[in-house]
Protein chains: 2
Amino acid sequence: MPKKKISIKDIARSLGISITTVSFILNGKAKEKRISDELTLKVEEYIKHVGYRPSHLAQSLRLGKSKVIVFMVEDISNQFFASIARKIEEKAYKNGYKIIYCSTDNDPDKAKALIDTFKVRSVDGFIITPTPDLESTITELIEEDFAVLLFDRWIPSIDCSYVVVENEKSAFEATSHLIQNGCMNIGFVTVASDQIQMIDRLEGYGKAIEAHGQNKKVLMLPFHHLSENSASHKIQQFVKSNTDLDALFFATNYLAFEGLQALNNLKKQIPNDLLVVSFDDHYFFTLFQPNISAIEQPLETIAEKLMEGMLKMLNGNGDPKLDFKIILPNTLHIRESSDFKKI
Amino acid sequence: MPKKKISIKDIARSLGISITTVSFILNGKAKEKRISDELTLKVEEYIKHVGYRPSHLAQSLRLGKSKVIVFMVEDISNQFFASIARKIEEKAYKNGYKIIYCSTDNDPDKAKALIDTFKVRSVDGFIITPTPDLESTITELIEEDFAVLLFDRWIPSIDCSYVVVENEKSAFEATSHLIQNGCMNIGFVTVASDQIQMIDRLEGYGKAIEAHGQNKKVLMLPFHHLSENSASHKIQQFVKSNTDLDALFFATNYLAFEGLQALNNLKKQIPNDLLVVSFDDHYFFTLFQPNISAIEQPLETIAEKLMEGMLKMLNGNGDPKLDFKIILPNTLHIRESSDFKKI
DNA sequence: TGGCTTTGCTAAAAGGATTTACCAAAAGTA
DNA sequence: TACTTTTGGTAAATCCTTTTAGCAAAGCCA
């Protein structure tokens, strides 16, 4: 038989006092509202004794705040997002917030539908990796006074807070690094996507190539539902048909994994035949032989900044439209795959 | 300026009818409650026109159901849990449920504290990978009529529904497979933990070893905060001090990663020097050279069964204490690391 | 016409909290 | 003593829905 839940009303009745008094005491307003110390103590003891806990549902309804943050990413099972999820979780809980997650698959319709459902749930804030075509939905969200924070990518056309990394700069650096190590024909493997972070990475690569008077060689894999085999297969084609390639720069780690598979099938040696660098570091890159050079995003800092910004918006200290725009630097880890000295 | 949220009361007033009527229509009870088709239509159109959406908060408060499921795992950034998270998400959303996640780090105190906070939030159900020492907390949860479903591991001492895999059987099979491939000295690398799934895996290994009259060689790494280097280091020690080892069976994939690192440091060749098998398959096992044999847990089915069980409990068709105990078979993928023929 | 059923709709309670406005009694002041 | 202030508290509205119980009018039957 389930223990009947005890409410503030039960407490008031048991103690022969009013609900108001109990509420004041619960919310630490006893002094301010001139409840005697004696009664305060008595109520506090009784509350502890019966193990009363206020209903968050009722509080949320009354206060219009649910203490829930939505974490909407492209795919929660992606290591990058899962890691961020893990890190923001702690900070959220510490501040009394819970996190609901959801994955968009980068599908605008799905994203819109999800945002729509959450509005109804009166969540307080949204941490979002935006899909394409989400400008108006996000603008609405902000207009309706939800706290919104974009990350991983942002939307240039709207004024919304975000936490992102220096995609272009890091791609430029990594490409330059390859050039300095003697590469003359660097291929860039990316996905066809209008996500800003992908565009920036391509841009960084392009600028470095141009700065050294080299030629761009870009493989754009179709974004949607690129089955693993086909990606790997297409990378093989790319390498075979560009016989002068001496390096590959992968725009994401999952592309790199496909690429490593492809190079392995082609019996290409890294770094002897081709140097390799990838955006977005991964545990596996240090396990793989040879170790793969990669650009590491500062996960911990991203998570920190996300929660810092979110909490600032939620506590709404004055600023309703807080301008929280953070661009974080990455770290290029040069490993065996792009540096003969490391072998 | 945020659009003022429109409530059922606003609708009633605008249309000059009662709240009750609107509510009936909203809940599809117009016919049953004898609201005229004419009025029903009028209200439905008005609702669509103003884009009214009922407040879930108020509904939850009234109905005592929040349509929220807690997904409490050891670590949401762990690939296994993240994958399950991704898969149950879809099924949950399809049924109108949202998922709040949290990580316990296998710390009983943290787990208890988390469960405690969620009770207050009046969530409907819990999907839990239990930490040690959680019997009484979970028993309480069930007594208080929450839907509870354990997974990955379960607690023998209490009667609670679960979804797990055949740990012992699969470990037995994998060990037997190594023996059939000529191994005479198989080392088992695991963590010191009283988690039932780890015990079962050890048990399966042990029985297979005994069945063939061989000797057990078990390396138990300390569970808590095993820093990566120390794990890898200890595995190196283990291999060095057991010169006759001809195979290693890792109880989890993260242990295998450490082990691969260790074997690499020792310049051991797989499978020439040592055969390798791991519990819990991983994408990298097929990327790694040589491919690593592994036992794959049926993620999709686990997720399916979890939501099937959860929904059954939540819809509470008669059975409040649904006996939902599922044990799923795994698949052993024999790859290059444990089979010379595959090389 | 009187009594019964059906039709069409509504008032109000409940769910659990917060908060404003107010009220009595005691204490202070002149 | 008469008035003001302080002390210690409470009643009731509010947040938004669902749902029970019930009411008036119309329709039906004899």
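Predicted model only: the values in this text are computed from it and were never measured. The sequence lines fix the lettering, A, B, ..., with proteins before strands; numbering per chain opens at 1.
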Apply side chain to side chain contact (heavy atoms under 4.5 Å, CB included) to residues B:Phe146 and B:Lys119 and explain how you reach the verdict.
CA-CA 9 Å; B:Phe146 288 99; B:Lys119 279 190 193 176; 4.0 Å; yes
Partner of B:Phe151 by ring pair (Phe, Tyr, Trp, His ring centres under 6.0 Å), out of B:Tyr162, B:Phe324, B:Phe71
B:Phe71
Please state whether the phosphate of D:dT17, meaning OP1 or OP2, lies under 4.0 angstrom from any side-chain nitrogen or oxygen of B:Tyr52.
yes
Measure CG/B:Leu57 against P/C:dT18 and give the value in whole Å, please.
14 Å
One thing to verify: whether B:Asp116 and A:Arg53 come together as a salt bridge, which I'm taking to mean a side-chain N less than 4.0 angstrom from a carboxylate O.
yes
Considering every strand and a 4.0 Å limit on heavy-atom distances, what is the contact class for A:Lys65: base, sugar-phosphate, or nothing?
nothing
Just call it for B:Ser23: base, sugar-phosphate, or nothing, with non-hydrogen atoms closer than 4.0 Å on any strand.
base
Send over the distance from B:Lys67 NZ to D:dT17 C1', rounded to a whole Å.
16 Å
Taken to the nearest whole Å, CD1/A:Ile8 to C1'/C:dG16 is 8 Å
Of all the choices, D:dC15, C:dT19, D:dT18, which nucleotide is nearest to the side chain of A:Lys29 once you look at every atom?
C:dT19
Over 12 foreign heavy atoms within 6.0 Å of NZ, B:Lys325:
yes
On the nucleotide D:dT18, are OP1 or OP2 found under 4.0 Å from the side-chain N or O atoms that B:Gln59 carries?
yes
For the pair made of CG in A:Leu26 and P in C:dG16, what is the distance, rounded to whole Å?
15 Å
Any Lys/Arg nitrogen of B:Lys48 or B:Glu45 sitting under 4.0 Å from an Asp/Glu carboxylate oxygen of the other?
no
Under 3.5 Å, which donor-acceptor pairs do the side chains of residues 37-44 of chain A form with other protein atoms, sequence neighbours left out?
unit_1: A:Asp37; atom_1: OD1; unit_2: A:Lys31; atom_2: NZ; d: 3.0
unit_1: A:Thr40; atom_1: OG1; unit_2: A:Ser36; atom_2: O; d: 2.8

To the nearest angstrom, how far is A:Ile6 atom CD1 from C:dG15 atom C1'?
16 Å
Measure from the side-chain heavy atoms of B:Leu61 and tell me the nearest of D:dT17, C:dT18, C:dG15.
C:dG15
Measure all distances between protein nitrogen or oxygen atoms and nitrogen or oxygen atoms of nucleotides 9-13 of chain C, and list the pairs falling under 3.5 Å.
unit_1: C:dC9; atom_1: OP2; unit_2: B:Ser36; atom_2: N; d: 2.7
unit_1: C:dC9; atom_1: OP2; unit_2: B:Ser36; atom_2: OG; d: 3.1
unit_1: C:dT10; atom_1: OP1; unit_2: B:Ser18; atom_2: N; d: 3.4
unit_1: C:dT10; atom_1: OP2; unit_2: B:Ser18; atom_2: N; d: 3.1
unit_1: C:dT10; atom_1: OP2; unit_2: B:Ser18; atom_2: OG; d: 3.1
unit_1: C:dT10; atom_1: OP2; unit_2: B:Thr21; atom_2: OG1; d: 2.4
unit_1: C:dA11; atom_1: N7; unit_2: B:Thr20; atom_2: OG1; d: 3.2
unit_1: C:dA11; atom_1: N6; unit_2: B:Thr20; atom_2: OG1; d: 2.8
unit_1: C:dA12; atom_1: N6; unit_2: B:Thr20; atom_2: OG1; d: 3.3

Send over the distance from B:Glu32 CD to D:dT19 P, rounded to a whole Å.
10 Å
Could you give the CZ-to-C1' distance, from B:Arg53 to D:dT17, as a whole number of Å?
15 Å
Quickly work out the A:His56 NE2 to C:dA17 P distance and round it to whole Å.
10 Å
Go through the structure and list residues passing salt bridge (Lys or Arg N to Asp or Glu O under 4.0 Å) with A:Asp124, not counting sequence neighbours.
none
